[in-house]
Amino acid sequence: MDLWHLLFTLALICANDSLSTSDDLLQWPQISICRSPEMETFSCYWTDGNFYNLTAPRTIQLLYMKSIDEDWKECPDYITSGENSCYFNVSYTSIWVPYCVRLASKNQVFDQKCFSVDEIVLPDPPVHINWTLLNTSQTGIHADIQLTPRVSTMVPLYSLKMGRDYEIRLRSRQQTSEKFGEFSEIVYVSFSQLGSECVHSEEIGFPWFLVVTFGACGLAVTVILIVLSKQPRLKMLIFPPVPVPKIKGIDPDLLKKGKLDEVNSILASHGDYKTKLYNDDLWVEFIELDIEDPDEKNRVSDTDRLLSEDHLKSHNCLGAKDDDSGRASCYEPDIPETDFSASDTCDAISDSDQFKKVTEKEEDLLCLDRKDEEESLASLANTDTQHRHVNTQSENIQLWPPFAESTDSLRPSVHHQISNQNSLTNTDFYAQVSDITPAGRVVLSPGQKSKVGRAQREGCAEQNFTIDNTYFCEADVKKCIAVTSREEDEPHVQEQSCNEDAYFTTESLTTAGVNLGAPTAETPVSEMPVPDYTSIHIVHSPQGLVLNATALPVPDKEFNISSGYVSTDQLNKIMP
Amino acid sequence: MSAKGASLKGLLLVALLVSNMLLTKEGVTSLPICPNGSINCQVSLEELFDRAVKLSHYIHFLSSEMFNEFDERYAQGRGFIAKAVNGCHTSSLTTPEDKEQAQQIHHEDLLNLVLGVLRSWNDPLIHLASEVQRIKEAPETILWKAVEIEEQNKRLLEGMEKIVGRVHSGEIGNEIYSPWEGLPSLQLADEDSRLFAFYNLLHCLRRDSHKIDNYLKLLKCRLIHDNNC
C-alpha cells in the first residue's frame with residue numbers, strides 16, 4: 001500500500017508539473033544558437049516565446065560584449081540572418097576572443113550566452129556539387145566517383161553500382177568539432193545511361209540461398225514439433241520406434257522397478273522360455289554334451305567334470321579322448337562328440353576359462369566363510385565323490401542324468417570348499433529345473449527323491465530361518481530340505497533361523513519350499529515329479545517369500561494362475 | 001719558446017673561432033641555405049611547412065579531444081564554463097584575431113609570434129603532463145594525450161625554428177615569450193580549484209593550438225602557394 005501511495009504521489013507531482021508548464025503563458029525568449037559558417041562572421045538566433053502577448057511588442061534586444069570591452073553593445077544587424085537573428089559581419093568578428101551575447105528587453109535579461117567564435121563553427125552546406133567518374137571496375141559492375149563541393153575539396157565515393165541512380169547529400173564540419181552543418185541539396189548521380197546493358201545482370205536471381213535456409217529451418221522446426229508432440233500416432237508414423245529386443249509381455253520398467261514376481265510370472269508364461277534363455281551359455285552346452293554320453297553311470301558327476309575342466313584343458317586340449325569333459329564346449333549340441341576340429345577345441349579352452357570365472361563367482365555367493373561348519377564334513381568329502389555344484393540355469397534339463405555318484409574317479413577338486421559344501425548331501429545341491437510348465441510350475445529332473453533322501457539331516461530343525469529380508473545360507477537351506485524331504489518329499493513349512501550374514505541365490509536353494517507363517521499341510525502332488533525345491537523370491541517384505549504355486553494350499557481358484565509365483569498380496573491372503 | 005707556442009696556439013684558436021663564427025653565421029646545416037623565394041628552398045621549405053602544419057593540426061586535434069574529455073569527466077557539475085572567459089597566460093602576446101589581421105601582418109612577425117607561443121607553452125605542457133597524473137582516477141586517454149602533446153610541441157618548436165632560420169633574411173627579432181605562472185594553481189589542495197585550473201589550462205591550450213594551426217596554414221598558403229589555396 002505504501003508503494004502505491006508513493007507512486008500515486010509521484011504521479012500527481014508529475015502531472016502538476018506538466019500542467020504548470022503548459023499553463024504558463026509566458027515563455028521566455030531564448031537564444032537558440034550562435035554559429036559561424038566560415039570563422040569570419042557569425043550570427044545568433046533566438047526564439048520569441050509567448051512574450052508578445054503580454055507586454056509591448058518587439059522590444060527584445062540582443063546585446064553583445066567582447067571580453068575586452070566593458071559595455072554591452074547592441075546587435076549591429078538584425079536583418080541579414082532573418083527574423084529573430086543578429087548578424088555580425090567581418091568587422092565585428094574576432095576569433096579566439098570570448099564573446100557574450102544577451103537577450104534583453106529594457107532592463108530585463110532573458111538569456112545570455114558566452115562563447116568564442118572558433119567554438120561555434122558550423123559550415124554551411126555545400127552548394128554546386130559536381131561529380132566526376134574516377135574509374136570503373138573490370139567487370140563493369142562497380143564504379144568510383146568523386147564529388148567536388150568546393151574547388152579544393154574532393155569527396156570520393158567508391159563502389160557504386162552501375163545501372164543505378166543515386167541521390168547524394170553532403171554535409172561538413174570543422175575537423176576538430178563534433179557537430180556537422182546542414183545537409184546540402186540532393187545531387188543526382190545516374191549510371192543508367194552508362195550501365196544500361198548491365199541491368200539484367202543486376203537483377204537478383206532467385207534467392208536460392210534464402211529458400212534453402214528457410215526450408216531447412218522450417219523442416220527442423222517441424223521435426224522438433226513432431227518429436228515433442230504428444231500425438232503418438234503421428235510420432236510413430238514419422239519416427240517409427242526402433243524395435244528393441246523384447247520379450248513379449250514384459251515391460252522393461254518392471255525390471256527396473258524390481259518387481260521380479262511379475263516379471264517371472266510373465267517369463268514363466270512363455271512357452272519357449274526355456275529355449276530362449278541361456279542359449280549361449282557355454283558351460284551349459286558342456287553339460288548337455290555330458291548328458292549325451294551313453295555311459296552315464298560311469299561318469300563322474302557333472303560338477304566334478306566341470307570343475308576339473310579347466311585343469312584338464314590347461315594341460316591338454318587335444319588329448320581329451322579319454323575324458324569326456326571339455327569337448328562339449330567345442331561343439332554345438334548337435335555335433336557328435338567324436339567330431340571336432342582343433343579350432344573348436346581351442347575354443348573350449350576359452351569356454352573353460354569362462355566357466356571358471358562363473359564358478360568363482362558362485363564361490364563368492366556361497367557361504368565360504370562358513371568353512372568351519374564344513375570342516376566336520378570334510379571326512380565325507382574325502383570319501384564321497386567330488387561334486388561340483390552347477391548353476392541350475394540350464395534349460396535342457398531333460399538331458400541331465402540324475403545325479404549319480406561315481407566312485408571310480410576322484411577328480412582333484414579345484415574348489416575344495418565347494419566340494420565340501422557339496423558333500424553334505426552327497427550329491428549336487430541343485431537339481432536342474434527340467435521344465436517350467438505354462439502353469440508356472442517348476443519341474444525338476446526326475447529321480448531327485450532318492451537323492452534327497454540321502455541328504456543329511458543335521459541341524460535343520462535347530463536352525464530357524466528368519467523371515468525378514470535375509471539371505472539363507474546354502475548349507476542351512478540344504479539342511480532344512482534334507483529334513484523336510486525326508487519326511488514327505490514335499491514342501492514343508494519350516495521356520496528356521498540362519499545367520500544374518502549368510503546369503504543365497506535363488507538358484508542355489510535346494511529347499512523344497514519355505515513357507516512363512518504357520519506350517520500347513522500341503523497336498524502332495526504325486527503325479528508330477530517332486531520338485532526338489534522351489535525358487536524363492538526375495539521380496540522386500542517379511543512375507544515376501546514365494547513358493548511354487550502347487551505347493552501351496554489354494555483356498556480358492558484364484559491361485560491357479562499362470563504364474564509360478566505368488567505375490568505378496570496373494571501370500572497374505574493365504575496366510576492367516 | 002713557451003711564449004711562441006702560446007701565441008701560436010692562441011692564433012690557431014682565434015682562427016678556429018672566427019671560422020666557426022662565420023660558418024655558424026651562415027647557418028651550417030646539412031641542407032642548403034635558402035633565401036626567400038629560391039625554388040630549391042621552396043621545395044624543402046614546403047616540406048618543412050607540410051610537416052609543421054601536420055604537427056600543428058595534430059596538436060590541436062589532441063588538445064581539443066583532451067579538453068572535451070576533461071569537460072565531460074570533471075567539469076559537468078561544477079559550472080566551469082562560465083569562468084572560462086578568463087585570460088590565458090599567452091594573452092599578453094598580441095596575435096592577429098581574424099583573417100584580415102593575419103593577412104596583413106608580416107610573415108616574419110607572424111612566424112615569430114608562432115615561435116613565441118610555442119615557447120611559452122613548453123613549460124606549461126611539461127607540468128601538465130606530470131600534474132595531470134595526480135588527478136584522482138584520471139582516464140588513461142587524458143594522461144596519454146598530455147604526454148603526446150608535450151612531445152609534439154617540442155618537435156613543432158624545432159621545426160618552426162628551422163623554418164624561421166630559413167625564412168628570416170637576417171636579423172632575428174626579439175624573442176617573444178610569455179612566462180607561465182600557473183603551476184601553483186595546478187597543485188592546489190582543494191580539488192575543485194585544482195580542477196578549475198586544469199580546465200582553464202586545457203581551454204587555453206585548445207585555443208592557442210587552434211591559433212597556431214591557423215597561422216601556419218595561412219603562412220603556408222601565403223609563402224608556398226602564393227595565396228592560391
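What you see below is based on every heavy atom in this structure, not just the backbone, and it leaves out hydrogens, waters and symmetry mates. We name chains A, B, ... by the order of the sequence lines, and we start the count at 1 in each one.
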Q) Relative to each other, are the rings of A/Y99 and A/Y64 parallel, tilted or perpendicular (30° and 60° limits)? A) tilted
Q: With a 4.5 angstrom heavy-atom cut-off, could you sort out which part of A/E38 is near chain B: side chain, backbone, both or neither?
A: neither
(Q) A side-chain contact here means heavy atoms from C-beta on lying under 4.5 Å apart; do B/K145 and B/I142 qualify? (A) no
Q. According to the interplanar angle, ranging from 0 to 90°, do the rings of A/W96 and B/H210 count as parallel (below 30°), tilted (30 to 60°) or perpendicular (above 60°)?
A. perpendicular
Q. Chain A heavy atoms under 4.5 Å from B/D213: which part of the residue, side chain, backbone, both or neither?
A. neither
Q: Anything under 30° is parallel, anything over 60° is perpendicular, the rest tilted; go ahead and classify B/F70 against B/Y74.
A: tilted
**Q.** Sub-2.5 Å SG contact, A/C100 and A/C114
**A.** yes
**Q.** A/T93 versus chain B, the contacting section by heavy-atom distance below 4.5 Å
**A.** backbone
Q) Which answer fits B/N214, side chain, backbone, both or neither, if we ask what part of it has an atom under 4.5 Å from a heavy atom of chain A? A) side chain
Q: Side chain from CB out, backbone as N, CA, C, O: work out which of these in B/E100 comes under 4.5 Å of a heavy atom of chain A, or both, or neither.
A: side chain
